[in-house]
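First the structure, in the form of structure tokens, and then the observations on it.
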Amino acid sequence: MKLLLPAAAVLAVFAAALGALFRWSVLEFVPGSLQTGGVTLANFRMVMAPQYLGAIRDTVVLSALTTVLTLLAAYPVAYALARTPSRRVRSLLLVLTLAPFFTGAIVRTYAWVLVLGNTVVTWPVPMLFTERGVLVGLVHFSMPTMILILAAALSHIDPAYERAAASLGARPGRVFLRVTLPLSLPGIVSGGLIVFAWTLSAFPTPEMLGGGKVKMIANVVRDLGLDSFNWPGAAAFALVALVLTLGMLTALGRLGARHAP
Amino acid sequence: MRARFGLTALAALLAASLAATPAQAQNALVVSIWGGNWKDTVERIIGKAFTARTGIPVEYEVGGTIDRLAKARVAKGNPLVDLNFTTTHVARLYISDGLYDKLDMAKIPNAKEITREAVRSDYHVGSWAYVYTVVYRPDLVKEEITRWSDLWKPSLKGKIAMPDFDPSHIITIAALMEGGNEVNWQKGEAKLRQLKESVAAFYSTDAQSQDLMKTGQGPVQVMLSVNAYHLQEQGIAVKVVQPTDYPGIVGIDTMAVMAGSKKADAAHQFINLALSKEIQGELVKALRAGPVNPGAAVPANLKGQPGIFGTAAEWKERGYIMNDDARAKNLPGWREWFTANIVKK
């Protein structure tokens with residue numbers, strides 16, 4: 001029981017923070033003042049306006065697309081990482097995968113500002129300050145983590161299964177679809193959940209690549225709290241977003257568990 | 001034995017350093033200000049002169065506008081800082097929360113010299129001024145821009161960047177164009193909507209604004225004059241427009257004494273020194289911001305430039321000062337309207 005005390009202490013801090021968030025969310029916002037009025041549900045009515053719900057919808061759509069595209073882009077790299085017999089190739093892949101981790105989110109995103117703008121490359125369609133550009137940045141940001149999770153899952157699959165399928169006449173494509181892919185599903189589910197969850201709270205990428213036109217949940221919370229001085233509104237929006245996020249992650253988790261091999 | 005001696009020595013050192021810290025803080029005047037160039041300039045020009053004259057050391061607490069406001073709120077009644085620098089309409093929030101003390105003007109004789117517009121309330125006075133105006137890169141925008149209304153030209157479509165953290169400047173300009181002002185700003189709503197397609201990007205920070213100009217992603221901007229001059233210093237050829245149709249929107253950064261400060265006298269001395277014409281002249285050169293003391297010497301290359309007001313007439317003719325209260329109260333509503341109608345796709 002005593003061993004649980006440190007965990008309880010840490011969780012108490014989290015609970016206190018959530019309690020403060022809830023308290024702020026039900027206090028009346030007085031424009032032009034830091035003073036708050038009485039208890040009200042007006043902040044929740046405000047964040048149900050189309051522009052705020054639109055930010056939540058955009059966040060969910062961008063997060064889902066990021067998850068799918070990251071998965072598609074990361075899987076071949078993870079597969080190569082797990083299956084290559086060459087230690088040199090594996091080291092090279094690992095270095096290339098981990099390198100973005102060491103550059104920091106701001107530096108990486110700033111590099112994308114230059115690439116997605118028309119200063120370095122001329123794009124056939126506008127990329128910078130659009131959802132497309134934000135999506136590129138989010139996928140790039142998520143790829144190293146997805147690759148590592150998938151590679152770990154793939155490396156746990158005994159190659160004997162694939163060899164057995166091949167020895168029974170299955171072509172490589174069929175071996176992959178019927179053996180490797182289903183067995184790597186736990187990695188796909190956990191990688192997908194992690195990428196989806198953290199993309200829901202993305203901040204610097206939409207802030208810098210969205211040019212103020214693409215707002216995700218964290219950007220709206222910041223705008224409300226720091227630019228409009230509307231702390232109760234920011235708290236209410238954060239709370240609504242938190243509840244929706246938890247709901248979605250729970251549903252996805254259950255879905256993943258149901259389809260896991 | 002050696003380990004125990006080492007630990008004892010370390011503990012003694014730690015105790016000594018802890019004991020020294022409050023003593024140092026007790027003597028020092030603590031000034032809250034934004035970081036970077038703002039803090040460096042105030043430290044170099046006002047802080048050092050203040051310490052030389054009074055013998056009182058100055059410490060600085062740096063942070064963003066809202067970070068510092070939040071800290072001040074938490075420490076209400078027993079402030080961690082003695083003197084605060086912030087923008088005039090944000091100062092209204094401090095005042096509304098009882099975070100500032102009334103200024104004792106008898107202790108600030110130099111306040112008699114400053115321009116009327118810089119005395120913002122009984123609680124806060126201006127330290128320097130600037131304008132939000134049109135700034136552009138002539139190498140990327142071939143036509144000359146001379147007026148606010150040029151922003152509405154179809155040829156500038158997709159080239160403009162403006163702040164979304166505080167759209168009050170363009171909202172006020174649109175209202176002025178339609179015969180309104182910041183109070184009945186709704187008069188400019190239709191005019192503003194016409195601008196929607198012209199905006200390439202919105203920026204949330206000064207750094208983003210400068211990046212957009214440097215990279216050419218936002219070569220025409222509603223921009224802080226001080227930032228534009230900073231870009232010029234860095235070799236980016238930007239033109240700061242002195243609009244001929246409507247004036248630039250004035251911003252005034254202000255100083256105030258925190259309520260409950262135990263260094264209120266020293267804080268008043270600091271403010272008095274900051275308002276002297278000598279220090280104001282130094283601030284103009286360093287920040288390229290407008291002096292609040294008209295007696296300050298303005299370098300020839302800055303005279304008459306946007307945001308640099310030398311005389312009472314220039315303050316009146318070349319700058320539009322919004323009502324602080326209206327701005328502080330309307331800002332949340334402006335942002336909401338702006339996001340829904342201009343920013344949103």
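Letters go in sequence order (proteins before strands), and every chain restarts at 1.
Heavy atoms from other residues, nucleotides or ligands lying under 6.0 Å from NZ of B:Lys76 number more than 12. The local environment of NZ in B:Lys191 is crowded, with over 12 non-hydrogen atoms from other residues, nucleotides or ligands closer than 6.0 Å. In B:Lys157, the NZ atom is not crowded: 12 or fewer heavy atoms of neighbouring residues, nucleotides or ligands sit closer than 6.0 Å.
Taking non-hydrogen atoms and a 4.5 Å limit, the residue list of residues 33-43 of chain A in contact with chain B, ordered by number, reads A:Ser33, A:Leu34, A:Gln35. For residues 17-32 of chain A, heavy-atom neighbours of chain B at less than 4.5 Å comprise A:Trp24, A:Phe29, A:Pro31, A:Gly32, sorted by residue number.
If you measure heavy-atom distances from B:Arg73 to chain A, the contacts under 4.5 Å come from the side chain alone. In this structure, chain A has a heavy atom under 4.5 Å from the side chain of B:Leu212, while its backbone stays farther away. Both the backbone and the side chain of B:Asp97 come within less than 4.5 Å of a heavy atom in chain A. Proximity to chain A involves both the backbone and the side chain of B:Ala70, based on heavy atoms less than 4.5 angstrom apart.
Chain A forms the most heavy-atom pairs under 4.5 Å with one residue out of B:Ala161, B:Gly216, B:Ala200, and that residue is B:Ala200. Between chain A and the residues B:Gly218, B:Gly158, B:Pro332, B:Gly333, the most heavy-atom pairs under 4.5 angstrom are made by B:Pro332. Comparing B:Asp324, B:Asn330, B:Leu69, B:Val90 by heavy-atom pairs within less than 4.5 Å of chain A, the highest count is held by B:Leu69.
A:Gln51 has its side chain out of reach of B:Trp337: every pair of non-hydrogen atoms, C-beta onward, lies at least 4.5 Å apart.
Atom CG of residue A:Leu224 and atom OG1 of residue B:Thr339 lie 8.5 Å apart, to the nearest 0.5 angstrom.
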Show me the donor-acceptor pairs within less than 3.5 Å that the side chains of residues 225-242 of chain A make with the rest of the protein, sequence neighbours left out.
unit_1	atom_1	unit_2	atom_2	d
A:Asp227	OD2	A:Arg222	NH1	2.9
A:Ser228	OG	B:Arg335	NH1	3.1
A:Asn230	OD1	A:Gly233	N	2.7
A:Trp231	NE1	A:Gly225	O	2.8

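Residue A:Gly117 comes nearest to B:Gln217 through the heavy atom pair CA-NE2, 3.3 Å, listed as atom of the first residue, atom of the second, then distance. The two residues B:Val199 and A:Lys213 come nearest to each other via the heavy atoms O-NZ, 2.7 Å.
Residues passing the side chain to side chain contact (heavy atoms under 4.5 Å, CB included) test with B:Val183, sequence neighbours excluded: B:Asn181, B:Ala326.
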